Amino acid sequence: MDRSVVVPVALSACAAIVGTILTHKLVESHKASRRFARAKEDRERRQAAKAKAKEGDDDAPKGTLLDDVGIPNVYLWEVEHLGALGFPSSFKGTNKMRNSEIAYTEYTADSPGRERSASQGGGSDYNKLISDRECIIADIRQGPGSRSTRAYVRAGPREHLHFDPATTVAAIVTCGGLCPGLNNVIRELTNTLHYLYGVKKVLGVRGGYAGFYNPEWEPIVLTPEAVANIHHDGGTFLGSSRGGFKMDGTIAFLEKHKINQLFVIGGDGTHRGAFKIHEECMARKMNVGVCGIPKTIDNDVDHIDRSFGFSSAVQAAQSAIRTAKTEAMCNLPNGIGIVKLMGRSAGFVAVHAAMSSGDVDLCLVPEVPIVLEGEKGCLPHLMRRVKEQGYAVVVVAEGAGEELLGESTEVDASGNKKLPKIGEFLKDKIGEYFGKHSKEPATVKYVDPSYMIRSCPANAADSLYCMQLAQNAVHGVMAGYTGFSVGLCNNRMVLLPIPELCETSPRTMDSHGRTWERVLSITRQPNTAGPKKKGEKAKYAPMLR
C-alpha cells in the first residue's frame with residue numbers, strides 16, 4: 001500500500017486512540033471530582049450534626065449522629081411483684097450488704113441488737129442499687145426504620161426489700177438431669193442468703209420436685225459450712241429427678257416449713273412447674289416469692305445468651321473429640337471416629353464443640369436434615385476426607401437424624417421424647433458405604449461421653465456465671481419479685497417473666513445463620529439446610545452472632 005495513504009490513516013487511528021484515552025481520563029477525573037465533592041458534603045453534614053447534637057450538651061457522645069436510626073417504642077417485660085399483688089412489705093429500712101462478720105453476728109443474734117441492726121443497717125452500702133425502671137434493651141442490632149424493641153428488667157440489689165431477712169425461710173430445689181454448675185448455684189444461693197442478707201434458715205429439697213412430698217427424703221439444712229466445698233464436685237448436692245411434680249405436696253411442704261422464698265433450678269419443664277407453684281401461691285394468698293434459674297446443658301432456653309453448664313460441656317467435649325481423632329488416626333485402614341454429644345432439639349453443644357476443636361470433619365445437628373448419599377451426601381464427604389488425610393472425625397447431636405430414623409412416640413418421666421440411636425445408625429451406615437465404594441473397609445470407633453460431660457464440675461467461666469445467677473436471683477426475690485427467672489441477656493444480668501421465657505423454648509440453632517455458616521467453613525461438608533422459607537425470620541443465635 002502507498003505510504004502516502006498508510007501514514008495518514010495510521011496517524012488518524014492514533015489520534016482517535018489518544019482522543020479516546022483523554023476522553024476516558026477526563027470522564028474519570030470528573031467522576032472523581034464529584035466523589036470528592038460528595039465526600040466533602042458528607043463530612044460537613046456529619047460535622048454539622050455533631051455540633052447540633054452537642055449544643056447545650058457537654059456530655060454528648062463522640063461519633064456521627066444517625067438521625068434515621070432510633071427506637072421510639074420500648075416494651076418492658078415486667079416481672080410480677082408481691083407488693084403490687086397486695087402483699088405488704090415486712091422490712092423497714094434500707095438494703096445494705098451484710099458482708100462483715102460483725103454485721104452478720106449482730107443481725108442474726110437473738111438479742112435486741114438484731115432489731116437495731118435490721119432497721120439501721122449494719123453492713124456496707126452497695127456500690128449500685130437498681131431502680132425499678134432500669135432495663136436492658138433486647139434487640140441491640142438496630143438500623144434505619146427500627147420501630148420498637150423489647151426490654152428486660154435489670155437485675156441487681158434494690159433499695160427497698162419486701163422480705164425481712166430475720167423472718168425469711170428459703171428453699172432450694174434442683175430438677176431434671178445433671179449439668180455442670182448445679183452445686184455452684186446451690187452454694188452461691190446459700191451464701192448470698194446468709195452473708196449478704198442474714199437469712200438464718202435455708203432448706204435444700206432433695207431429689208427434685210418429688211422431694212417436696214416424699215417422706216424418705218427429708219430436706220437438708222443448708223449453711224455456708226455445709227456447702228463450703230461442693231462447688232468442686234459435679235452433680236448436685238441435693239440430688240435430682242425427672243418429673244414428680246405434685247402441686248398439693250409442694251404447697252403442703254411450703255406451709256409446713258413456713259417457706260416464703262423458693263428457688264427452682266431446672267430447664268424448660270421445671271420452669272413451667274415453678275410458675276404453676278407461683279400461681280397457686282397467689283391463689284391461696286401465700287406471700288411466697290418464686291424464682292427459677294435456667295439449667296439446660298443443651299443451651300436451648302430462649303432469650304438468654306447461654307445457660308450455665310454449657311461452656312463446661314463444650315470444654316469437656318474436647319477430650320472426647322481428641323479421643324475419637326486419635327482412634328481414627330491410629331486404626332487403619334480408613335479410620336473414622338464418631339462422637340455423640342447432647343442436643344435433643346438443638347445442636348448448640350455439637351456445633352460449638354466442633355468449632356472450638358478444629359478437628360471435626362462432619363457435624364450433624366437436629367436443625368439440619370441428614371443426607372446420606374448423593375451430591376450433598378455426608379457419606380461421600382467422609383470418604384473424600386479419609387482419602388485426603390487418612391482419617392475423619394464426626395460429631396453428631398443426639399437429636400439429629402429423625403428424618404431418617406423416625407420420631408419416637410415414647411417419652412421419659414420429664415415428658416421428653418426418647419431419641420433414636422443416631423450414633424449406632426451412623427456407624428453401621430459408614431461401614432456399609434465404605435464396604436460398597438472402597439477397596440478397603442472403614443474402621444469406625446464410636447464414643448458416647450454424654451454422662452461424663454453432664455457430671456463434670458463447672459469450669460471457671462461457668463463458676464463465675466453461676467455466682468452471678470445466684471446472687472441476682474436472691475436480690476430479685478428479696479426485693480419482692482416473683483414468678484421470674486434470671487439470666488444473662490446481651491451480657492447483662494436481667495429478670496425474665498417465666499411465661500415469656502418458656503413461650504418459645506426450647507430454642508433451636510438458626511440453620512441459615514452465621515454459626516452454622518462457620519461450621520461449614522471448618523468442616524467443608526455439604527450444606528443440607530435447604531433454602532430459607534419465604535417470610536421466615538432469623539432466629540436468635542447465642543454467643544456467636
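Computed from a predicted structure; not experimentally measured.
A 4.5 Å side-chain heavy-atom check between His81 and Thr482 finds every atom pair outside the cut-off. Proximity of Pro506 to Asp298: side-chain heavy atoms (C-beta onward) are nowhere separated by under 4.5 Å. By the 4.5 Å heavy-atom criterion applied to side chains, Gln525 and Cys363 are counted as neighbours. Taking the side chain as every heavy atom from C-beta outward, Leu76 and Arg133 approach each other to under 4.5 Å. Within the 4.5 Å cutoff, the side chain of Phe263 has heavy atoms near those of the Val474 side chain. Looking at heavy atoms from C-beta onward, Glu432 lies out of side-chain contact with Leu379 at the 4.5 angstrom threshold. At a threshold of 4.5 Å between non-hydrogen side-chain atoms, the residues Ile304 and Leu488 do not count as touching. Between Val264 and Val173, the closest side-chain pair of non-hydrogen atoms falls below 4.5 Å.
Residues Pro369 and Thr528 approach most closely at O-OG1, 2.6 Å, considering heavy atoms. Nearest heavy-atom pair across Val386 and Phe434 is CG2-CZ, 4.0 Å. Across Val153 and Glu78, no two heavy atoms sit closer than the pair CG2-CA, 4.3 Å. Nearest heavy atoms, Glu373 versus Val371: O-CG1, 3.3 Å. The heavy-atom pair separating Pro180 from Ile453 by the smallest distance is CG-O, 3.6 Å. In terms of heavy atoms, Trp217 sits closest to Arg206 at CE3-O, 3.6 Å.
Side-chain atoms of Ser148 and Asn73 include no donor-acceptor pair closer than 3.5 Å. Side-chain atoms of Asn459 and Ser311 form a donor-acceptor pair, as typed in the model, at a separation below 3.5 Å. A donor and an acceptor atom, one from each side chain of Gln318 and Arg322, are nowhere located under 3.5 Å apart.
A donor-acceptor pair is defined here as one N or O able to donate and one able to accept, closer than 3.5 Å; no such pair exists between the side chain of Ser307 and the backbone of Pro294. Remark: side-chain polar atoms of Asn183 are paired, donor with acceptor, to backbone N or O of Ile230 under 3.5 angstrom. In this structure, Asp302 contributes its side chain and Arg507 its backbone to no donor-acceptor pair below 3.5 Å. Side-chain atoms of Ser438 do not come within 3.5 Å of backbone N or O of Gly435 as any donor-acceptor pair. Glu188 places no side-chain N or O within donor-acceptor distance of the main-chain N or O of Leu469, the cut-off being under 3.5 Å. Judged by distance alone, the side chain of Tyr481 and the main-chain N or O of Cys291 form no donor-acceptor pair under 3.5 Å. Looking at Ser455, its side chain never comes within 3.5 Å of a backbone N or O of Gly234 through a donor-acceptor pair. Side-chain atoms of Asn490 never come within 3.5 Å of backbone atoms of Arg492 as a donor-acceptor pair (strictly under, hydrogens ignored). Of the possible donor and acceptor atoms, one in the side chain of His381 sits under 3.5 Å from a partner among the backbone N and O of Asp361. In this structure, Ser240 contributes its side chain and Gly177 its backbone to no donor-acceptor pair below 3.5 Å.
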Test side chain to side chain contact (heavy atoms under 4.5 Å, CB included) on Arg524 and Arg385; report intermediate values, then the result.
CA-CA 9 Å; Arg524 300 192 293 282; Arg385 296 298 292 139; 2.9 Å; yes
Let's go through Cys378 and Leu372 carefully: what are the C-alpha distance in whole Å and the side-chain angles of both, what is the deciding distance for side chain to side chain contact (heavy atoms under 4.5 Å, CB included) to 0.1 Å, and is it a yes or a no?
CA-CA 5 Å; Cys378 63; Leu372 292 177; 4.1 Å; yes
Assess whether side chain to side chain donor-acceptor pair (under 3.5 Å) is satisfied between Ser357 and Asp359, documenting all intermediate values.
CA-CA 5 Å; Ser357 78; Asp359 292 324; 4.9 Å; no
Apply side chain to side chain contact (heavy atoms under 4.5 Å, CB included) to the pair Val477 and Phe484, showing each step before the final yes or no.
CA-CA 9 Å; Val477 176; Phe484 73 97; 3.8 Å; yes
Audit row: Cys281, Ile251, side chain to side chain contact (heavy atoms under 4.5 Å, CB included) steps and yes/no
CA-CA 8 Å; Cys281 288; Ile251 296 299; 4.1 Å; yes
Using the salt bridge (Lys or Arg N to Asp or Glu O under 4.0 Å) rule, take Glu424 and Lys427 through it: C-alpha gap first, then chi angles, then the decisive distance, then the call.
CA-CA 5 Å; Glu424 291 89 336; Lys427 181 180 179 181; over 6 Å; no
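To the nearest 0.5 angstrom, Ser485 atom OG is 12.5 Å from Lys295 atom NZ. Note that CG of Asp268 and OG of Ser505 are 5.0 Å apart. Values are rounded to the nearest 0.5 Å. Thr250 contributes atom OG1, which lies 4.5 Å from atom CD1 of Ile277 (distance to the nearest 0.5 angstrom). Atoms CZ and SG, from Arg242 and Cys175 in turn, are 11.0 Å apart once rounded to the nearest 0.5 Å. For the atom pair NE2 of His271 and OG1 of Thr296, the computed distance is 10.5 Å after rounding to the nearest 0.5 Å. To the nearest 0.5 Å, the span separating OH on Tyr152 from NE2 on His303 amounts to 5.5 Å.
When the options Val205, Ile293, Thr270, Leu238 are evaluated for a side chain to side chain contact (heavy atoms under 4.5 Å, CB included) with Thr174, the one that passes is Leu238.
Heavy-atom neighbours of Met452 CE from other residues, nucleotides or ligands within 6.0 Å: at or below the threshold of 12. For Arg150, the CZ atom sits in a packed shell: over 12 heavy atoms of surrounding residues, nucleotides or ligands are nearer than 6.0 Å.
Using the six-membered ring where Trp is involved, His278 and Phe275 have ring planes that are tilted, between 30° and 60° apart.
In summary, Arg514 and Glu517 do not engage in a salt bridge, as defined by a charged side-chain N under 4.0 Å from a carboxylate O. Lys276 and Glu279 are not joined by a salt bridge, as no carboxylate oxygen comes within less than 4.0 angstrom of a charged side-chain nitrogen.
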